[in-house]
Peer 1: 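Please read through the structure below; I'll follow up with questions.
Reckoned from all heavy atoms, side chains included, excluding hydrogens, waters and symmetry mates. Note that this is a predicted model, so its numbers are computed, not measured. The sequence lines fix the lettering, A, B, ..., with proteins before strands; numbering per chain opens at 1.
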Number of protein chains: 2
Amino acid sequence: MDRTDTSLIALRRILRATELYGRDLARDAGLTAVQLRVLQIVAEKGHSTPTEIATRMGVSQATVSVLIKKLEGFSLLERHKSLADRRQTDLEITRTGRAKVDVAPDALQQRYVAQFEALPDWEQSMIVAVLERVAGMLDASDMPAEPVLTTGDILRHDQPG
Amino acid sequence: MDRTDTSLIALRRILRATELYGRDLARDAGLTAVQLRVLQIVAEKGHSTPTEIATRMGVSQATVSVLIKKLEGFSLLERHKSLADRRQTDLEITRTGRAKVDVAPDALQQRYVAQFEALPDWEQSMIVAVLERVAGMLDASDMPAEPVLTTGDILRHDQPG
DNA sequence: TTCTGATAGTTCAACATGCAAAGTAATAAT
DNA sequence: ATTATTACTTTGCATGTTGAACTATCAGAA
């Protein structure tokens, strides 16, 4: 097997592991992966808008609208009319929503961070260089990098809400 | 920004670019991303089974069964009883199905392969080593501490002797 | 002011995805 | 022969996704 195949397989393992593990984490929180992702985006800054979420997730506004409705029904988010521009809906995460996000941290964070930080210095540097190289190869369009969630305590409460 | 954040951002760029671009490619072929993925798996060897597809994709057999039915309806796949074990269904890709896969190649393939193969030998080796390392960090549930990479691994990878 | 066009968001119909549970059929084990 | 296991399908139900149609708001032009 040549190196091209080997690297493709490794990439697919990364994609698959992240997807499957993300599903598990969401289920632990009593949410679906997509719902949790919406909540995480709002949680980053504590507030957001449907348009921002749609852009970040790569889905339509219509889709986001439905998801938000659901999360609002769970009392994890609140909708308010924006004062600056009354067309906009300002989304705010609730205390309950914040708790969910803390309980079900980002899949990559949970699996990756601890291991990465345990690596020797030179290896961390190498990984960063390669990942950025590969990311550049894949996302031709220069998109703004997503901000990183701040890592809180990683706790596991296997309790649906 | 520290290296942990940098590497997480790069990883997310990889995940996002692959997902969004995969959706676009599938739509160009008149299929959904999931349907195309099934077709690609069958196309690899020209045939497959529902169980293999379910395992590879990380979904249940029931889900695969529905997808296959759909693809069969489009005349992209054919179902045959396996002769060796009549419980098994042997899936064969049709000429039409093969054409679809050729037109809408794998998202990673299309964006990644040409660029990867243009890289110098040492950089290809480095990428392979890092991607496998990261994949191992993400997809191993038991995590039996694979030996840490050494420069020797990189240099010796894919070399004679 | 009023008109026009653009923007932000929602709703609805229709279809896709995903799974558990129940069922069929064939094989393996005893 | 009987039982258990394996491979797969079907069905019912919840969720995800979008385009199209709609409301509301804003921004600019006449």
Peer 1: Considering heavy-atom distances to DNA chain D, does Met57(A) or Glu52(B) have its closest nucleotide positioned more toward the 5' end?
Peer 2: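 Counting from the 5' end, the first nearest nucleotide belongs to Glu52(B).
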Peer 1: Heavy-atom count around Arg79(B) CZ within 6.0 Å, excluding the residue itself: above 12?
Peer 2: yes
Peer 1: Within less than 4.0 Å of OP1 or OP2 of dG16(D), is there a side-chain N or O belonging to Thr32(A)?
Peer 2: yes
Peer 1: Using a cut-off of strictly less than 4.0 Å, decide whether Arg79(B) has a side-chain nitrogen or oxygen near OP1 or OP2 of dC8(D).
Peer 2: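 No, no such contact exists.
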Peer 1: Just to confirm, is there a sub-4.0 Å distance from OP1 or OP2 of dC19(C) to any side-chain nitrogen or oxygen of Ser60(B)?
Peer 2: yes
Peer 1: For Thr49(B), answer base if it contacts any base atom (sugar-phosphate contacts may also be present), sugar-phosphate if it contacts only those atoms, and nothing otherwise; contact means non-hydrogen atoms under 4.0 Å.
Peer 2: sugar-phosphate
Peer 1: How does protein contact run along nucleotides 21-26 of chain C, one letter per nucleotide 5' to 3', with B for base contact, S for sugar-phosphate only, - for none, heavy atoms under 4.0 Å?
Peer 2: B----B
Peer 1: Respond yes when some side-chain nitrogen or oxygen of Thr63(B) is under 4.0 Å from OP1 or OP2 of dG18(C), and no when none is.
Peer 2: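 For dG18(C), OP1/OP2 do not have a side-chain N/O of Thr63(B) under 4.0 Å.
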Peer 1: Of the nucleotides dT18(D), dC8(D), dA8(C), which one has an atom closest to the side chain of Thr51(A)?
Peer 2: dA8(C)
Peer 1: Between Ala84(B) and Gln35(B), just flag the one whose closest nucleotide in DNA chain C comes earlier from the 5' side.
Peer 2: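 Its nearest nucleotide being more 5', the pick is Gln35(B).
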Peer 1: If you find the nucleotide of DNA chain C closest to Thr89(A) and the one closest to Val66(B), which residue's nucleotide is nearer the 5' end?
Peer 2: Thr89(A)
Peer 1: Lys69(A) side chain N/O closer than 4.0 Å to the phosphate oxygens (OP1, OP2) of dT10(C)?
Peer 2: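 It does not, given that no N or O in the side chain of Lys69(A) lies less than 4.0 Å from OP1 or OP2 of dT10(C).
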Peer 1: Counting heavy atoms from C-beta on, name the nucleotide in dC19(C), dG16(D), dC8(D) closest to the side chain of Leu67(A).
Peer 2: dG16(D)
Peer 1: Decide whether Val66(A) and Ile68(A) are clustered together by the hydrophobic rule: side chain heavy atoms of Ile, Leu, Val, Met, Phe, Trp, Tyr closer than 4.5 Å, transitively.
Peer 2: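 In one cluster: no.
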Peer 1: Considering every strand and a 4.0 Å limit on heavy-atom distances, what is the contact class for Gln61(B): base, sugar-phosphate, or nothing?
Peer 2: base
Peer 1: Can you tell if the side chain of Asp102(B) reaches within under 4.5 Å of the side chain of Arg98(B), non-hydrogen atoms only?
Peer 2: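 When only atoms from C-beta onward are counted, Arg98(B) and Asp102(B) do touch, with a gap below 4.5 Å.
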